[in-house]
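What follows is a set of notes on a single structure, which appears directly below.
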Amino acid sequence: VTLIKKAKKPYVFVGGGAVISEASDELKKFVEKVDAPVCDSLMGKGAFDGSNERYTGMLGMHGTKTSNYGVSECDLLIVVGARFSDRVTGNAKKFAKNAKILQFDVDAAEINKNVRTDAHVLGDAKEILKRINDKLDNQDHSDWMEHIKSYKLDYPMRYNRDILNGPLIMEKIYEITNGDAIITTDVGQHQMWAAQHYKFKEPRTLLTSGGLGTMGYGLGACIGAKVGRKDKTVVNIAGDGCFRMNMNEVATATRYNIPIIEVIFNNHVLGMVRQWQDLFYEKRYSATVLDDGVDFVKLAEAMGAKGYRVTSQEEFKEAFKEALESEVPVLIDCIINCDDKVWPMVAPGEAISSSFTGEDLAKKQ
């Protein structure tokens with residue numbers, strides 16, 4: 001509490017522990033009392049409402065510039081149930097160098113493992129926040145909040161709205177479902193686009209395999225989520241590489257008549273690996289091209305599901321709306337460009353404050 005009261009530029013970073021401990025209500029109250037901006041990890045999505053004006057997006061390798069710059073400038077980083085993975089910290093020695101680190105975590109092994117803390121509290125995140133809220137008066141950091149808001153205006157998430165691509169598909173899904181769907185994902189570019197461009201308002205509305213990086217996870221998770229929440233629209237976001245890992249489970253969905261929606265971001269490559277090969281390995285593309293004759297629409301139909309292939313924004317909107325009204329599993333094969341990239345990005349071994357976009361790269365070159 002003393003650390004928080006002394007801070008002039010606090011930032012709250014939320015991880016999966018806040019979801020597991022069901023600490024959302026206490027977290028919201030805490031953030032309001034501290035008067036701070038909020039960012040999250042991939043696994044922390046939904047613990048804090050992604051549509052809240054204090055929210056600045058994901059932190060780290062594919063985090064927003066606002067979150068990366070803000071955390072790099074803050075004087076107190078309050079970490080709720082996150083483990084400082086390398087995808088969040090970038091170069092750990094350069095991470096949040098201006099800040100004191102205050103970490104709340106249930107696992108003693110996560111304290112001082114990757115980043116040294118100035119103070120920590122061991123325990124359940126919900127209980128910790130509840131007790132601190134009782135001891136904390138409302139703080140005022142209006143100048144700091146205005147500074148972070150200016151970053152949000154200066155560094156929005158930009159993408160090409162003229163062609164079908166991952167960010168556009170995710171924003172259309174958000175728009176059509178009113179942000180009320182459960183999203184599951186596999187692993188790769190599509191996973192990052194889902195995390196960046198769908199505003200998760202509640203915990204457990206994003207199901208993704210996190211640090212395990214399990215290609216093929218999403219379809220099974222989607223089936224399970226729909227069985228558990230029949231009242232919800234449940235959508236799996238997959239890459240074509242990931243879909244191949246577990247595509248036989250479409251037959252499971254049809255066998256038990258589970259009306260899921262499978263959206264494939266089909267760029268005919270292993271997109272995330274190709275992105276690294278392109279940016280850091282001099283375009284030496286090895287084992288990433290999937291440009292063969294596999295027809296996912298025919299495959300879906302062969303297993304009893306409906307299949308659509310789309311190449312434009314209008315076709316996607318029409319297919320997705322039909323999928324929502326369907327009472328059987330639906331697969332939508334979205335053809336996108338093999339060289340689309342996830343922006344922003346932090347290069348391996350660099351500080352998160354060095355986050356760059358395609359536009360930044362073009363100017364530099």
Side-chain angles (χ1 to χ4, degrees), residues 1-50 52 54-56 58-60 63 67-68 70-90 92-141 144-145 148 202-204 210-211 352:
V1 170
T2 304
L3 268 177
I4 293 167
K5 284 181 177 177
K6 284 182 178 177
K8 304 289 185 205
K9 298 187 287 184
Y11 221 112
V12 178
F13 169 46
V14 182
V19 174
I20 294 167
S21 69
E22 300 182 343
S24 288
D25 290 344
E26 289 75 13
L27 177 64
K28 184 180 179 186
K29 186 177 178 184
F30 175 73
V31 167
E32 294 294 333
K33 281 199 161 194
V34 177
D35 191 24
V38 183
C39 61
D40 56 18
S41 70
L42 178 66
M43 301 310 289
K45 290 282 170 189
F48 188 82
D49 182 352
N52 188 294
R54 293 182 180 276
Y55 180 70
T56 62
M58 199 160 58
L59 180 68
S67 292
N68 285 358
V71 166
S72 298
E73 292 174 18
C74 74
D75 64 1
L76 177 66
L77 183 62
I78 305 165
V79 185
V80 184
R83 65 189 176 92
F84 294 114
S85 79
D86 63 337
R87 297 298 151 132
V88 159
T89 62
K93 290 178 181 174
K94 298 177 181 177
F95 179 73
K97 290 301 289 180
N98 299 309
K100 291 185 180 297
I101 307 289
L102 172 56
Q103 185 177 8
F104 305 152
D105 208 285
V106 76
D107 185 357
E110 296 300 340
I111 307 297
N112 296 325
K113 185 179 81 172
N114 298 327
V115 172
R116 298 290 301 180
T117 62
D118 293 273
H120 63 267
V121 185
L122 273 178
D124 179 79
K126 183 173 185 172
E127 185 62 27
I128 292 168
L129 292 172
K130 198 182 290 181
R131 294 193 195 187
I132 290 180
N133 285 340
D134 288 342
K135 297 173 185 289
L136 192 64
D137 300 323
N138 288 344
Q139 309 296 298
D140 180 10
H141 301 114
W144 172 238
M145 286 302 303
I148 296 301
E202 297 175 4
R204 305 183 195 277
I352 59 170

* **Criterion side-chain contact (heavy atoms from CB on, under 4.5 Å) on Val71 and Leu59, from CA distance to verdict** => CA-CA 8 Å; Val71 166; Leu59 180 68; 3.7 Å; yes
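- Rounding to the nearest 0.5 Å gives a distance of 7.5 Å between CG of Leu122 and CD1 of Ile128.
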* Asked: Stepwise, does the side-chain contact (heavy atoms from CB on, under 4.5 Å) test hold for Phe30 with Ile4?
  -> CA-CA 11 Å; Phe30 175 73; Ile4 293 167; 3.9 Å; yes
* Give the C-alpha distance, both sets of side-chain angles, the deciding distance and a yes or no for side-chain contact (heavy atoms from CB on, under 4.5 Å) between Lys5 and Val1. => CA-CA 6 Å; Lys5 284 181 177 177; Val1 170; 3.7 Å; yes
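- The two residues Val12 and Ala36 make their nearest non-hydrogen contact at CG2-CB, 4.0 Å.
- The structure places CD of Glu22 at 13.5 Å from CG of Leu27, a figure rounded to the nearest 0.5 Å.
- A donor-acceptor pair under 3.5 Å links the side-chain atoms of His141 to the main chain of Ala7, judged by distance alone.
- Minimum heavy-atom separation, Ala23 to Ala125: CB-C, 4.3 Å.
- In this structure, Arg131 pairs ionically with Glu127, as a charged nitrogen and a carboxylate oxygen lie closer than 4.0 Å.
- Scanning all heavy atoms of the two residues, the minimum distance from Val19 to Pro203 falls at CG1-CB, 4.0 Å.
- Taking CG of Leu77 as the start and SG of Cys39 as the end, the distance is 6.5 Å to the nearest 0.5 Å.
- For the pair Asp35 and Arg54, the salt-bridge criterion is met [side-chain N within less than 4.0 Å of a carboxylate O].
- The backbone N or O of Lys93 lies less than 3.5 Å from a partner atom in the side chain of Lys97, making a donor-acceptor pair.
- Note that the OG atom of Ser67 and the CG atom of Asp40 stand 7.5 Å from one another [nearest 0.5 Å].
- One distance of note links OG of Ser85 with CE of Met43; it measures 10.5 Å at 0.5 Å rounding.
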* To do: Verify salt bridge (charged side-chain N to carboxylate O under 4.0 Å, His left out) between Lys113 and Glu110, making sure each step is shown before the conclusion.
  => CA-CA 5 Å; Lys113 185 179 81 172; Glu110 296 300 340; 3.0 Å; yes
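- Distance alone, capped at 3.5 Å, places no donor-acceptor pair between the Lys100 side chain and the Asp118 backbone.
- Checking side-chain atoms of Thr56 against main-chain N and O of Val38 turns up a donor-acceptor pair under 3.5 Å.
- Between the side chain of Ser41 and the main chain of Gly44, a donor-acceptor pair closer than 3.5 Å is present.
- Between Lys9 and Asp75 there is no salt bridge, since none of the side-chain N atoms of the basic residue sits less than 4.0 Å from a carboxylate O of the acidic one.
- At least one donor-acceptor pair closer than 3.5 Å links the side chain of Trp144 to the backbone N or O of Pro10.
- Heavy-atom minimum distance, Asn98 versus Ser72: ND2-O, 2.8 Å.
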* To do: Output, in order, the C-alpha distance, side-chain angles, deciding distance and verdict of side-chain contact (heavy atoms from CB on, under 4.5 Å) for Ile352 and Phe95.
  => CA-CA 7 Å; Ile352 59 170; Phe95 179 73; 3.8 Å; yes
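- The side chain to side chain contact (heavy atoms under 4.5 Å, CB included) test with Gln103 is passed by exactly one of Val115, Ile78, Val79: Val79.
- Under a 3.5 Å cut-off, the side chain of Thr117 and the backbone N or O of Asn112 do not form any donor-acceptor pair.
- Across all their heavy atoms, Ala96 and Ile101 have their closest contact at CB-CD1, 4.2 Å.
- Crowding of Lys28 atom NZ: a count of heavy atoms from other residues, nucleotides or ligands under 6.0 Å not exceeding 12.
- At least one donor-acceptor pair closer than 3.5 Å links the side chain of Gln139 to the backbone N or O of Asp137.
- The backbone N or O of Glu26 lies less than 3.5 Å from a partner atom in the side chain of Asn133, making a donor-acceptor pair.
- Of the possible donor and acceptor atoms, none in the side chain of Asp105 sits under 3.5 Å from a partner among the backbone N and O of Ile111.
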